[in-house]
Participant: 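To start, I am sharing the structure in question, which I have written as structure tokens.
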There are 2 protein chains.
Amino acid sequence: MKEPGKEIGSENQKAQMRKGVLEFCILLTISKEKKYASNIIQTLKEADLIVVEGTLYPLLSRLRQTELLTHTWEESQSGPPRKYYELTKKGRETLATLKQSWSSLAKSVDHLTE
Amino acid sequence: MKEPGKEIGSENQKAQMRKGVLEFCILLTISKEKKYASNIIQTLKEADLIVVEGTLYPLLSRLRQTELLTHTWEESQSGPPRKYYELTKKGRETLATLKQSWSSLAKSVDHLTE
DNA sequence: ACATGGTACCTTGTAGTGCAAGGTACCAGC
DNA sequence: GCTGGTACCTTGCACTACAAGGTACCATGT
């Protein structure tokens with residue numbers, strides 16, 4: 001069963017584009033300094049990228065399983081302890097590769113736009 | 001059951017990025033002149049974007065259902081007739097929106113990279 | 001006339017991924 | 001010890017690309 005006034009491409013598509021670079025952006029975010037989940041969401045939001053918890057946690061787990069990042073618990077002054085994420089060596093290497101992938105992709109799009 | 005030496009993010013991720021902009025790129029491709037499927041794949045390949053038939057056909061159907069493009073049959077001089085795709089008015093409008101989405105996304109990534 | 005190779009179109013089943021919604025645990029203040 | 005806030009995590013659903021397999025039409029050679 002589908003809604004009759006189904007959403008047209010543009011809205012949906014914008015979300016689709018965001019998906020593709022999400023993992024990349026999260027690695028970018030952490031690369032500057034270690035952060036915890038809510039912190040990451042905040043940073044991405046400041047860059048106009050909307051992400052929610054339900055998306056982020058599974059993604060962080062996946063990145064940890066592939067050993068791109070590690071986490072350490074730290075006490076908070078107000079509330080429960082926080083899980084700070086940080087890039088591993090492999091994580092930094094992968095990020096470098098992804099930066100190239102991104103610029104390569106941007107180049108392709110430019111090429112098609114002309 | 002997973003392969004033990006499972007593929008690490010970078011390869012997989014690059015594909016993921018491509019996915020996000022695929023629909024956008026296809027609309028871009030057609031926007032210049034009407035094309036048929038193999039033709040589109042060829043054009044994308046020249047821009048370093050790999051797409052296969054099994055991906056393209058369902059995508060074109062989807063775009064037709066949402067009325068972003070139409071098709072017309074034309075005879076070929078060598079082989080079966082070809083289905084040429086072309087943007088509709090709504091398609092051109094959507095494409096304009098997507099161009100903005102793309103540049104907005106690129107901006108966000110740049111913002112995070114700095 | 002009909003077999004063969006090439007071109008083009010299309011469908012089915014599978015795996016990966018983001019997201020909405022709901023759930024658990026810890027801390028501080030009243 | 002109750003309440004509100006913060007933080008972490010899981011489950012079920014919908015969407016999408018892709019691999020693989022299938023159909024149809026045309027031209028050429030024998």
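Just so we're on the same page: letters track the sequence lines, and every chain starts at 1.
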Participant: To the side chain of Tyr57(B), which of dT11(C), dC26(C), dC8(D) is closest?
Facilitator: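 Closest nucleotide among those given: dT11(C).
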Participant: Do the side-chain N or O atoms of Arg62(B) get closer than 4.0 angstrom to the phosphate oxygens (OP1, OP2) of dA17(D)?
Facilitator: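 So the side-chain polar atoms of Arg62(B) do come within 4.0 Å of the phosphate oxygens OP1 or OP2 of dA17(D), strictly under.
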Participant: Could you say whether Lys83(A) or Ile50(B) is positioned toward the 5' end of DNA chain D, judged by the nucleotide with the nearest heavy atom to each?
Facilitator: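 The residue mapped nearer the 5' terminus is Lys83(A).
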Participant: Just N and O in the side chain of Tyr36(B): are any of them under 4.0 Å from OP1 or OP2 of dA8(C)?
Facilitator: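 So the side chain of Tyr36(B) is within the cut-off, an N or O lying under 4.0 Å from OP1 or OP2 of dA8(C).
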Participant: Hey, which of these two, Glu75(A) or Pro58(A), hits DNA chain C nearer its 5' end, going by closest nucleotide?
Facilitator: Pro58(A)
Participant: Between Arg82(B) and Glu75(B), does any side-chain N to carboxylate O distance fall below 4.0 Å?
Facilitator: no
Participant: Per the atom types in the model, does the base of dC15(D) pair as donor or acceptor with the side chain of Gln16(A) at under 3.5 Å?
Facilitator: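 When only heavy-atom distances are counted, Gln16(A) does not reach the base of dC15(D) through any donor-acceptor pair under 3.5 Å.
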Participant: Decide, yes or no, whether a salt bridge links Glu74(B) with Lys83(B) under the criterion of side-chain N to carboxylate O below 4.0 Å.
Facilitator: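 Salt bridge flag = no for Lys83(B) with Glu74(B).
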Participant: What about Glu53(B), does its side chain sit under 3.5 Å from the base of dC9(C) through a donor-acceptor pair?
Facilitator: yes
Participant: With nearest nucleotide decided by heavy atoms, which residue, Gly54(B) or Thr55(A), maps closer to the 5′ end of DNA chain C?
Facilitator: Gly54(B)
Participant: I want to verify a distance call: between dA17(D), dG18(C), dC10(C), whose nearest atom is closest to the Tyr85(B) side chain?
Facilitator: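 Output: dC10(C).
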Participant: Ignoring the backbone of Val52(A), work out which of dC8(D), dA17(D), dA20(C) is nearest its side chain.
Facilitator: dA20(C)
Participant: Counting side-chain heavy atoms from C-beta on, which of dC18(D), dC9(C), dA7(D) comes nearest to Arg82(B)?
Facilitator: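 That would be dC9(C).
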Participant: So if I take every side-chain heavy atom of Asn12(A) and compare against dC18(D), dC15(D), dA8(C), which nucleotide ends up nearest?
Facilitator: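 Taking heavy atoms from C-beta onward, the closest nucleotide is dC15(D).
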Participant: Which nucleotide wins on minimum distance to the side chain of Ser38(A), given the candidates dC9(C), dA7(D), dG18(C)?
Facilitator: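 For the Ser38(A) side chain, the nearest candidate turns out to be dA7(D).
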Participant: Considering only heavy atoms from C-beta outward, does the side chain of Lys14(A) approach that of Gln16(A) to under 4.5 Å?
Facilitator: no
Participant: Which of these nucleotides, dG18(C), dC25(D), dC8(D), is closest to any side-chain atom of Pro80(B)?
Facilitator: dC25(D)
Participant: Hey, does Thr94(A) have a side-chain heavy atom less than 4.5 Å from the side chain of Lys90(A)?
Facilitator: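 Yes, side chains in contact.
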